[in-house]
Structure formats: structure tokens, C-alpha cells
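Input: a single structure, listed below in C-alpha cells.
Values reported hereafter were calculated over all heavy atoms of this structure, with side chains retained and with hydrogens, waters and symmetry mates removed. Note on naming: letters A, B, ... go to the chains in the order of the sequence lines (proteins, then strands), and numbering restarts at 1 for each one.
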There are 4 protein chains.
Amino acid sequence: MSATDLKHHCGLFGIFGHPDAVQLTYLGLYAQQHRGQESAGICSGPPGGRIVRHADTGLVTSVFNPTLLEKLRNPVAVGHVRYSTTGSCQSANCQPLLVTCALGQVAVAHNGNLINAALLRDQCEQQGAIFSTTSDTEVIVHLLAKPSRLERMDHVVQTLGLLQGAYSLLIMFPDRIVAARDPFGLRPLLLGRMDNGAVVVASETTALDIVDAEFWREVEPGEAVIISQEGVTSKWIVPRGNVKPAYCIFELVYFADPASNIFGENVHDVRRKMGMRLAEEAPVDADQVVPVPNCARCAALGYSQASGIPYGRAFTVSHYAGRSFILPDQPARDLAVKMKLNVIKSTVRGRRLIVVEDSVVRGTTTRGKIGALRKAGAKEVHLRVASPPIRYPCYFGIDFPDPETLIANNRSVEEIREYLGVDSLHYLSLEGMLNCVKHPPDHYCTACFSGHYPMDVSHPVSKLAFEAK
Amino acid sequence: MSATDLKHHCGLFGIFGHPDAVQLTYLGLYAQQHRGQESAGICSGPPGGRIVRHADTGLVTSVFNPTLLEKLRNPVAVGHVRYSTTGSCQSANCQPLLVTCALGQVAVAHNGNLINAALLRDQCEQQGAIFSTTSDTEVIVHLLAKPSRLERMDHVVQTLGLLQGAYSLLIMFPDRIVAARDPFGLRPLLLGRMDNGAVVVASETTALDIVDAEFWREVEPGEAVIISQEGVTSKWIVPRGNVKPAYCIFELVYFADPASNIFGENVHDVRRKMGMRLAEEAPVDADQVVPVPNCARCAALGYSQASGIPYGRAFTVSHYAGRSFILPDQPARDLAVKMKLNVIKSTVRGRRLIVVEDSVVRGTTTRGKIGALRKAGAKEVHLRVASPPIRYPCYFGIDFPDPETLIANNRSVEEIREYLGVDSLHYLSLEGMLNCVKHPPDHYCTACFSGHYPMDVSHPVSKLAFEAK
Amino acid sequence: MSATDLKHHCGLFGIFGHPDAVQLTYLGLYAQQHRGQESAGICSGPPGGRIVRHADTGLVTSVFNPTLLEKLRNPVAVGHVRYSTTGSCQSANCQPLLVTCALGQVAVAHNGNLINAALLRDQCEQQGAIFSTTSDTEVIVHLLAKPSRLERMDHVVQTLGLLQGAYSLLIMFPDRIVAARDPFGLRPLLLGRMDNGAVVVASETTALDIVDAEFWREVEPGEAVIISQEGVTSKWIVPRGNVKPAYCIFELVYFADPASNIFGENVHDVRRKMGMRLAEEAPVDADQVVPVPNCARCAALGYSQASGIPYGRAFTVSHYAGRSFILPDQPARDLAVKMKLNVIKSTVRGRRLIVVEDSVVRGTTTRGKIGALRKAGAKEVHLRVASPPIRYPCYFGIDFPDPETLIANNRSVEEIREYLGVDSLHYLSLEGMLNCVKHPPDHYCTACFSGHYPMDVSHPVSKLAFEAK
Amino acid sequence: MSATDLKHHCGLFGIFGHPDAVQLTYLGLYAQQHRGQESAGICSGPPGGRIVRHADTGLVTSVFNPTLLEKLRNPVAVGHVRYSTTGSCQSANCQPLLVTCALGQVAVAHNGNLINAALLRDQCEQQGAIFSTTSDTEVIVHLLAKPSRLERMDHVVQTLGLLQGAYSLLIMFPDRIVAARDPFGLRPLLLGRMDNGAVVVASETTALDIVDAEFWREVEPGEAVIISQEGVTSKWIVPRGNVKPAYCIFELVYFADPASNIFGENVHDVRRKMGMRLAEEAPVDADQVVPVPNCARCAALGYSQASGIPYGRAFTVSHYAGRSFILPDQPARDLAVKMKLNVIKSTVRGRRLIVVEDSVVRGTTTRGKIGALRKAGAKEVHLRVASPPIRYPCYFGIDFPDPETLIANNRSVEEIREYLGVDSLHYLSLEGMLNCVKHPPDHYCTACFSGHYPMDVSHPVSKLAFEAK
């Protein structure tokens, strides 16, 4: 799948107790830039002091500069990179949100998607709340701001109990950071420690690596970890025994960086295993295994290793791809493929190729790449996809396009094969995929592939629900 | 007084029922740019439809472009130019604010300053409200959003009754615009009509002129004018008989454009009369009356006319003055004066000059200009200021600097004369000033000159009150 | 005349022997920004060292910043602001030009226009020269670069002798600045001295004032002043006795800053006298004399003083006029006037006005302003223009539009009066104008008014001659 | 080698006779962006008409936009991407150069480096030439512009005969394009044809592929191909029999895109063979072969295939690497590596790795990468470099750093091994390398590895020779 087919969602980073917390958060966000390219933001403050914020649309490296980072310098910080799942791309929707309320200042950064946001928002509005963004994260902030007789952290945890859907959250108060994960653990969230004792929270371990933090443990599904000068304590959003994980398997298939460990294992290893399994499920006699750049390299390696068919290189990738430039009056999609990839004709000409993809969403760019290989003289092209067909919407933060634009929607594998113009096509089976991961099959959410959702999704909201209101 | 000594505050513009409402609002804001240069914004919508918004920091001409205006195209619009009086210059503080609440969408544009904003905000927060800006306008929005059993417009008017201080307000709902003015009428707000029947609201008549609207009438102090497809109706925030005007006399002295009519009379005429009165109060034998550019031309003309001493020109003004560029290692203030003004030496050399100023705040740039005249060989320099010394803070929206930096704070006129380096110095008297305006003396707020405030200001808030919290 | 009717041409500044030469050149260019707004550039170097350069399109304050100025820091500098008279607005056409040739590095800054540039360029090309800009200044550089057995300064002066037309030139070598003026002295060029002995060259005295330099003397027509560590010496381009001045009278009428002294007298004084003379030549019974902003204030003051009719103010000027923004589907010209000027209706309504203009080129914006006064209720409008009708092209650096777009081209004064919609119209007579200046009438070039050119112009080149080639 | 270690030099593209010539040139430059990232430019014109130009510093996609391309629309175009080999990065140095001279308009785009540029420039200057850039390409233009009695194309070819060094050149006249290559053929240059008969010239075949042009043939060393409406003809710069090729082997080792064919063979194939040969020359017992991203993938594949040791993946690459952002007070080089690469720890931990590099210049980033693998727990790290040590400067357009910063300068392989911190280190031998390419060994320039230069380089010029003058 091409990086433009499916934009990633959000990445979180937080750190408590380091003189360079803001600079480290910048690096931690940078290392998770693949999780969100639309906006970036950091809130920081001294313990007990005033929280300040900078956030804007754009990449981490364009939103921040050394002067800004210096202005934000503080020992406590939380940051966010975002691709909007609810709420369109607007400056006001950048996260972390920072507000003042009866609790004082609160900053909130959210990865995931609430399925009862519209209901909660309506309740808040009826009680006098005003909403200035279209993000479901603002609902969380309003709930936190409600008057309560509970002790502050109990109030926070009770409030989280009202949320349904996927959420990995960083909630920053002037004196503490709360790192919370929904009871299904749909999105990753993990803790690290630095040499000086500072505690780090991040979505993926690549963010720990870049700041030289040591991986400590995952925030557990249903857990709210409270980090303050008193140390690290936990509270539970639902009784600990009631937690039943439903880790998003698509994080392993496509989203996370191969160098990361999430859900307890290395992403590259999982993908390589999926490629190996795919070779077992769907062998084919051919000359060369080639990955579709850039994502499918891990699975292609696995396929090659399991099949013994040499791993090769069919494409070079342009490092200078312009994002938005489209030439008028040209078959734009083909050109878009050409501007990203150059076919190595001498590798391809007259060869029987096994092309490995991690997943196929719309199929349009995959088709373009296959066409380029055909044009360069490939003798046979066999497509192997290291995950099952995507047929169902995700309500938990992955922004698949409309179901009717999914290539596997209402199409048989044979129809897809024909559409893509390949000699043979095989998808990895659901069991095959689940065989390659560490936890038991029922500990994953496979809804996009299987249609089995871990919770009732009969009243979900569309991404732009609040804007259309 | 130089334009950089005292930044202006805010300008409002609204229009109901014109196909080019947004384009006209752009022009109306442009014609009131002198009232606020930090940000500009427009909200627009079709009657009963969805309100959209664009606002950003910068001048009207840089915030908007034809493409953006076209995107906002709608028959109902409200706009705002802003210089922050509470709340620092941030993108989030740009107005109009646009929120969604139980009333649906509400956009609010505010000119003025509330003196009970901190109290009201605290109450809102205790009831669960979250604040995402540092502007006192957000308090108004929260009050409007509170649950109420009243009919919507009654609820709005009742809410306005809770506000203390200065407010000229445009409140836009999808089906109507409410134009409201505090019971003292501290800031101007007036109505116009266009040929096609569209109703226009603006702070000053220059905004009516540029869109070819005809002046209709002022929004009266304490009045809330409701403009909808059903026509124009009024409600009263306080019983109409209880209204006692306190028009801000500083609008006439300095703020408003000389081409405007506000508070029932032309600003240029008032200033010219002040200059004439000044000539009567403080005559001096001299060769030439020269204004300090650009503001004091009206008063200088009046002085010349009343005294019979020829009006002359001592300075040319740079049209290309860079705003932010400061040369290191140079006496910055002197250079700043030089970069804005060139002295016409041949006018000045050997002459006895009467220099007319509209008002003096800090005195630093006035001093620079006097110094330049001295250096160019002026024989005598007599400074005449067409308003009394400014000695007291304003709590109603004029952003005077800290009292201790006011030149007239704890200084006698003689001490000021010496500091400025002039041969003689006279300020217009308070009665003299009040003699030049149309309404009775007690219908004006003269607090910055006299210390007499039209309402209790024992608990006012500083500009950055909410930020320091 | 409005500032957009006629763009100014070029301004020069140079300084030899001051540690802050570059910073001072920045200020000197800034003070002459009215002479050219399209590009700005500075070349600097240590005496005998390497010349460096920065130049770009835009205003002085946007082309330079403190970091750039610091990088250029050197004790010798020449600078240029430009409005292109030959050569369109391109980055490559920015001046000073800096090249390397057999003479070493040479930087050239030019104000004026050569009438034999095409011929000289053709000769150079036949001898192997390549041209990379479309500016006539490049011709000068090529001539300077030609092999020569003469001593360097003799070669320079001999080369200048080949040029026909208007030129005030700064030629910078690593060890000296040559400041040269054509034998007619068409454009101003003058010398100043600073306290530390540094020698300054500038087009107008405002540039001396801003850097605290004392006016020394004009560079004389036909003189080449050579400034080096050895001091200041002169050479003559034509025998000194053959010099017959033809100072451009339009510099006095419109171009130069009123605060400047050029051609031996103060510009404001000249314009005021022209206004006085105009009052004598064309009196009219009226209530008020009002200038058309901003340029005609000097002449209007003179008219008022001579006539005894009070000086008034009919317009306020927007300080925030956006340059490029044009609203679609609107009568653009009228709106353009409205966006720059607000009419003070109370001054105008029912009054008989004498409107004073310095000059009228196309007449379109003047017409717009007159229309605005009419609409505001002026009873009578009498237009008085403080210079004669412009009827002939200028070949010496003033960029009048095509003759057919000049309002006075083939139109009688009565026809112009009718077109502009005024009750009466008078232009200052040619003798009247020449009566107000210091030197004898035949020492001025009045070609644009009279058609009498100081040299043969039968083969002049159009502005874009080299581009169309 | 990392892409920042050694910037590429220049890429050329030209096309004669296509209605979309400019748009195609944009694409052709884009596909050769890896050859130069500092500036991009296009000149275009109608046959016999006026040549227009746009060029600026920056990437192709930022220098051009659809509006600009449309403005340049013409059936003949030449383009250039540049990394400066002589002349620093300045707007004025962008290519193609476009000048006017006795021949009319001439545009020149150059890839290579002249070794007698200083001498030729000096001669030109003595004859009156002026130089406004610091690029050696301007020398070529001056020589072309010299008066000549020869027929134009003979004059061009004769002029090319004066140049010594490396040059692939596109010279555009209004009616023709001349594509010339120095007699050693140091830089690639090749011809393609489009369906409509248009003739294309490019540095690499990737540029033909993106515009759907078919490869025709190489421009031969010493050949000047003339493309006009009359068709394609050739002239010879030196007698054809005297040509002795010296193709730059570093183009094959590192510069060209693996998808390209240059010097008669595919780049990927050559590199794969070099990796295979390396495996034969320097086998080692290990668990995994991993490439250093991004360049060494071809060679690593070859090593894996020849050795039978599995190909693996040790790094993921950030797609969002910010170019210029450097954090203060941090070990910048290590951070720079971390910001580009994430180590896949689970691949690396406890493994014996063979790391394959294409070449090593300074060694600093290679060392950083090795360090990252060590830190991630690699048991052994064996470095294999698929080319010999770089020990000598290049005078023909490859911008190696100063010899003293080359890691192989005055260091034995053992010393380098120690510096890089690897368990073993082997470079491919010179014969080994030459064994992998198509032409006889003496048809390549291997000077950077061997010190044997194809021509006398006793008087070469440094990159900034003309600037320091």
C-alpha cells in the first residue's frame, strides 16, 4: 500500500522531569511523524506552574524551530502529531488542546476515536457547554471540566469511564501527566525511563529510541498511569479483571514503524512472519520476490526466505516526491506512480515476479505499479498480499475511505485479480495472519478484515459529524 | 501622538441580506483598519444555514484574499478587526469567536472591555465551563450558552444584563444578527442601510461610506437591535429610561477616523473646534502652526484658523515605514522618529513654531519630534495639545500603558515642558474640550483625563488577567 | 497625482570610509525609497578588498535585515533603489550590478536613462559581449570592461563620454567610488560629509539627513568625483566650459521629497511658490483650498497663503492600503480611490472647494477623487494644477505612460475639465513654473511640458527594447 | 554512503519539437533530481522565436508550479538541475544561463567541470569580457559570443575544442539545440525519441522513462549533436578516431539512479555485480547481509546472492527528515543519524551482520550507523564496501571534500577498520570493480580510486576559484 492511500492517525509523546523535556518531545514526535502529518503540537510547563502551548498544521520540523522550543523549555511536556480522524484539518483542531477550567489548566492529546462522542457532546451542550473545535477530543475536555466532588484523579478516571471507543490519552495538569488507554487497548501506549529518572510515554518504541529512553512497560488496557513528582501510580478505568484486549492488528500490518515494538513484539518480525506464512499459503514458481516500496519490504523478505525465491529490487524510489503538484491534462494517477517510482527495467524484463504488498485499500496505486512492471516487460506478475482483504469500516481511528471505494468491497478475489491485471493474486488468510502474532487471536481487533467489532458500533459517528451539524 | 504610541482597539462590521455580504464586510473592516491591526476575521452564513469562519492575525488585506472571500460567500456576515485589550495576540484570540452550543452556532465580535469578566469567568468555570482563549469575549459566549427556559432573544438580552463595562457587540446566529451596545454607550455602534434593503452595522461611518450604505441611526446605549429576515426590532438591556450615556471622549480626541461621524457628530469637526478652542485658551506669537503628523492635522487647522497664524508643513512622512526593523547599537528611538519623518529644514530654520498634538501619552516620540525640529534650527517651539493631560487608566477598552509610564503621571505641566524641551506647553482644559462636543458634559466618559469613571471600577482586571492565572 | 499613477525611478547612495557604511547605506536608501520601490541593493567592500553584494526585488526594509547587513559590513558601500525605466522588474535587473572584468570587480548603480544604449549594446555584441540583463546599465559595464591603455580613471571618464542621455552614476571599484553626473545634470546627485570624515553621495538630501551627514555640494553636471583613501578629486566628462545644465524640472514638481534640497533649493519651497503663483494666475472665489493627498500639500499651502482662502482637509488617507488586492466584478478604479481616501463629508458638503494637484498624468484617479467630492455634496469643485499639462514623452528616466494615455494628449484644457467633471480647471503656465525655481529657465529640462528636449532624441529606445529583441 | 556525504552534481534535459516540451522538461528534471538539489531551471522558446527562462534555487517541485510552466509553454526546452561544482549556491549561478550576444540568444546548461576555466576566463577578461557569475559555465558562454567568421555551428564546435575537462552540454539557440559531450565522455548524455518524433536529450534514462521517450543512443564522446527542424546531425569536436573514452566510474558506483542505463548498461546490475564480486573477494561467516540505506541495496543484494547469506533489514528510514534543523548542545552527528534511521533491534540483537556500503567518503555517518548497530546489540559487524578506497580528488565534477577529510587519505584499511569500529573491513579491489562493468578497463576514469587521471590536471581550479579572486 502506498503512503498516500491511507494516512496514519496520531502519535503521542510525553515526558515528566527532564530539563530538555520539550526538545526531547520534539524528537519523540519526529520519530513518530509516520503516525500523523497534518499537525504537531507541544504543551509544556514547570511542575505546578503555567502550561504553555505551541501547535500548528504541518510537519514537526516545520511547526517547530529552535527558538520556539527554547520558549517552551520546561521540565514537563506532552506532544501530539495528528492526522485527523474526526474533525477536519484546521489550526483550531491541532492538539494537544489546552484549556482552563475549574481544575485549572488541562492539556489533552488523544489518539483514537470515540464512538459515543456525539451523544456526550449533545449532553454537554444541553448543560451549557460551548464547542469551538470539531474534534472529539474536545468532548473529553468538557467532561473533565464538569464540577465534581471527587478527588481530582478519581474524577479523571470516572470521566474516562464514560468514553466508548478507542483512546490512548495524555492528560497534562500543571503537576502531573495522566497516560490512559481504553479498556480494549486498541491503540498502543507505552512507558519508558531515562537515565536521570524521567518518565517517558509514547505510542511507539522508536520514540523511546531517539531520546535514549529505555522501554519500561506498556500502559495496560484500562489503566490510567499518573506521573508526578511523587512517582508513578496507577488507577483502573474498569475493574482490572474485566479488561479484554482488542489490539488493533492493523497497527502491526501497516501503521507502526517496523523498528518499533508494540503490543509486546517487534513490528518487523511480525510482518516478516506474515510474509513467510503467505509463502506457505500461496506458493508460486517465479524468478524473483520484489516488494512494493516502501512498506512491504518486511513481508517480502519473509516470503523470499520461506520460498527460497531470490529477493530482488524492481523499483527505485524518488526521495524528492512533491506532495501536491499535479500536471493538468495528464493521466494523473499513472504520473503520480511514475513520479514516485522508477522501474529497474533490467530486473523486470522477461522475469516472473512475485510482488508482495502489505495490504491493499483502494487498489489504484497498486494497479499503477503493476502496470509499470508490465510495461517494463515483466513476463508474469503474481501479487501476494500479506493481510486479508479489507472489507469493513474502522470506527476506532483508522481512516479507511468510504467502504464503496475499498477494492475488496463486493468484489471476489478473482475480480480483484482481473482489475489489478496480475497473473495470480492471494491474500493472507485471517487465521494465517493471527498465527503470526504473539497474543491469542481474540486479543486483537480484526474488524476491518473480519467485520467482528470488539464493542457495539451500531451508532458510530462519521469523521465530520460535528462539522455538518 | 504617534500611531505606535497607542494601538487602537477594535472595529465591528456586520451586514444582513446582501449577496456580496462577505466582500462588503471585507471593505467595511478595511475602512476601520485603524481600529485594530492585530487580527481580522469574518463569520458568514446563509440565513438559517451553517456559519463558516476565517480569522487570523494580520491586516485585513493580508488575512483575506479573493479566494477566501469567495469561499465565505454568504448573504449574512459579521467581521472584526482587533487590537487586544484583554488577551494577548494569539491566533486563538482572533474574533469573531464561533462556537457550537445548545443554541446551535453562535459567532461573537466584541469591541470594549468587561470589568467583571474575571468574576463571570470564575462562575462559569465552577459550573464546568472550559476556556480556550484568554479573551473576555469568551465569557460572553459561555453565558450565552447556558441552559435557559427563556425565548432565545430574551435569553440573549438577559445575559447581556450580566455584563459590566464597555461592549459594542455583534452576535450572529444562523438566522439573525444581534447588535448590542452597553447602557453607557461607551463605544460607538451604528446602523446603515443599503439600496437593496440590506442592513449594515458598523463602528464608524467610514465603513458605511466605503460600501455605499446610508447612515441610518446609532444603536442606542442599552439597546439590542435584532436583524433578521423578519426585519429590525429592538430590545432593551436595561429599562430605556435608566440609560445614562458616557460616550468615550477619547474616540473623538484620537481614535476614530476624522472622516467618520460617531456619537452624532463629525470627528474632524470636533478636533478642529478643539484646535480653535486651544488657540483661544493658549495663544502665542509665532510664525507658523504645524501639526505633528499624522493625527493632529485637524486640530492644527483649527488652531491656525482661530489664531490667524499660517498653517505650515514641517515634516514629510515616509510611506514605507518598516514596522519591526531596529538597527542594533543605535539610539533606537531617535532613529525611529527619523525613519518616519523627514524635517523640511527650510520651513523650520529660524522660525517660531506652534506644534499641535492631539494628545500625549508617554511623550517619548513627541520628544523625538521636537528634538528634530530643534536640530533643524527652529527658533522657538511651542507645543499645544488639543486635549487635557492623560493621568488615569481606562478600564473600558483603551489600552493606555502602565500609569507610571504616562508622561503626565505625577508630573506638573512645567515638568513636562522641560522634559519635552519646548519653549511653552499648554493642554486644552477639560471644560474647553467638553465645550467642543455636541452632547452635555455628563454624557461623556472623561475618566482618562478626569479620573471620574461612569461606574464602579474598584475591581477591574488587567489585560492579561486570564493568562497569568 | 497619486503615487500609483507614476512610479518613481531610482535613488542612489554611497559612502566611503565609515565602519557602519552598509548600515548607513541601508538608511540612506530607506530615506529615498520614494525614488524606487521595485528593488533594492547594496554592494560593499573593504578598500582594495573583495566587493560583496545583496540585491533583490522589494522594498528596502524587506530586502535587507540585520543579519544580511552584518554580513555585508564593510567601510565602503554603494546602494540603489530602483523603479525600472529600461528593463522589466526581474531579480537579475536589480542594481547595483556587480561584475568581474579586466579591471577587477566593478559595481555600478545608475539613475537615469541612456538614449544611445541600443546602439552601444549592438556594438558591444558585435565585439563578443554577452548580455544577461535587459537593463541599459549593463551597457555601461561592458564599455568599462573594454581593454584600454589609458590609466583606469581616464578610461572611466572617456567611457562616460560615450553615453548619451541622463545618468547619475555610482561606480565602485575595490579602492574607490566614482560619482558621475551627465553633462546636463538631468538627475540630482550630491555630496555630503560625516563627522568622521567619511564622504557620502546621494540623490537627495533626505538621505544625508537620516545619516547625520552634512550637505557639502552637488556633483556638477559633467563631473566625475573620485572618492578614495587619497581624498576626493574630480575629472570632467566634457570640458567644464561646455556644460549646459538641463535639470529635470519634474523632480521639483513631483518626484523629490519635499524635505529634500536638490538643484540648489528646497523642494517644498519650490512647490509652495508654484501654488502661490497658481493662485495669482488662476484665482477663484471659494470656501476652502484642499490638497489632493498626499503630494499636493505644499502647493495647496502656497495657494491658500497667496489667496487668503482657508486651507482645509477634505480627505483622510488609509495607512493600510493594500497594494495588489482587487475585488472582482466591481468598478475597480472607484473602489481603488475609496480604499485609499475617506472623504470628510462635513468639510465638503455644500462647500465651494479649490482642489490643488501637483500634476495630472492619466487623470483617472484625479477623476475618481473629484467624483468622491461631488458625491459627498461639494457645491463647486475648482481644480488647480501646480504645473503645466504633460504632453510629451520623457527619454531621460521618467516613466510616463504611453503618450496616448496622457490626459492632456490631444485634449484642450476645456475637454480635460469636462472629462474630470470640475467647474473650472487651470494649469500653472510654463513661465509661471519657471519663475518659481532658482536657476535661469534654460537651465531646466521641461520637455514633458514643452516638447523642447536638451539633446537630439530622434532615435530613443523604449523601455523594453532589449527584451523584445 | 549517505546522501548528505556527497552531493550530486548536475542533470540535463532537453527536448525539441513537442507542444508540452516545458512540462516534459519539468518531469525529466524531476526524475534526475538526485543529480542536483541546489537549483533548477528551464529555458524554452518557439523555433526561431524568443527564448524565455525561469530558474531559482531549490528543488524542481518548489522552483516551478503549473502557472510558471504554462508561461514557459513552448515546443523547445532545455533544463538543468544543479549542485554547484564551481561557483557557490547563488541565484545568479542557476542554470541554464541565458544571454544575448552577437549570435542572438543563447542558453547553456552544463554538467561537468572545466579544468582550464581560469585560464580561459582570464583571456576573456583581457579582451573586455565581464563576468557576473562565479560559474565556469559563463566562460563557455563568453567563448561562444566571440566574433567569428565561421558558420555558426562550426564556430560552436570550434569553441568546444578549447574546453578542457568534463562537459556534457546543452546549448540552445532559438532554432536548435546542440547536445555535446567532451571527448572523454566523462559525464553521461543520451538521446531519446518520442512517439510524435520529438527528440529528447538527458543525462540518465530515468528521465526518458518518465516522459515515455524511447532510448535511442548515447551522445558519443567528442560528439556535438545538433537538433533542429531539419532533423538531427552530428559534428565532431575532435577527430572521431582520436576519441578515447574515460567514463566516470563513480557514476556507476554511486551517482546515477539504479533504474538508469548509462554508459551502455544498467546501473543496478553493475552494482549488484560489484556486490557479488565483493562476496567472492571478501567472504565472511555471518547471519545476515544488511544494506546501509538507501544507496547500497543493489550491492547488498548481490553480496547476499553470491554468498547465500540471507538478506535482511536493519534500519527503517524516516521519510520526513528535516534538512537543516540541528539541536544545539547535542552530539549533532549521532542525532543526525538517529533522525534518519531507526534500528530494528530485533533483527540486530545477537546477530553477526555483514553491512554493505557502496562507498565511504568521510566515514563519519558510516561510523554513526555502525555505532547504532553496536548499541542495538549486534554481535559482530563486518563492513564490506563495494568500491575501492577513495584517495584522490576529482577535477571533473564530483565534489569530494578536501582530501584530508577523506577517511582513506593516509590511513591503512586496518586503521579505517579501527576508526569505524567494525570487526572486519574489506573494500572491493580496483580490478574487481572494473571486472563488473561492460567496457574495457581503460575506458573508465578511476582517478578518485587510482590517482590515474585521463588528462593532465597539474593546474586545476578549486570550486570557488572565481569567487576568491
Contact origin within A:Gln127 toward chain B - heavy atom pairs under 4.5 Å: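 A:Gln127 touches chain B through backbone heavy atoms alone.
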Proximal component of B:Ile130, with respect to chain A [non-hydrogen, under 4.5 Å]: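 Its backbone and side chain both get close to chain A.
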Do A:Leu103 and B:Glu125 have side chains that get closer than 4.5 Å, going by heavy atoms?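 No, every pair of side-chain atoms sits at 4.5 Å or beyond.
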Looking only at non-hydrogen atoms, find the nearest pair between A:Ala129 and B:Cys101 and report the distance.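 Closest approach of A:Ala129 to B:Cys101, heavy atoms only: O-CB, 3.4 Å.
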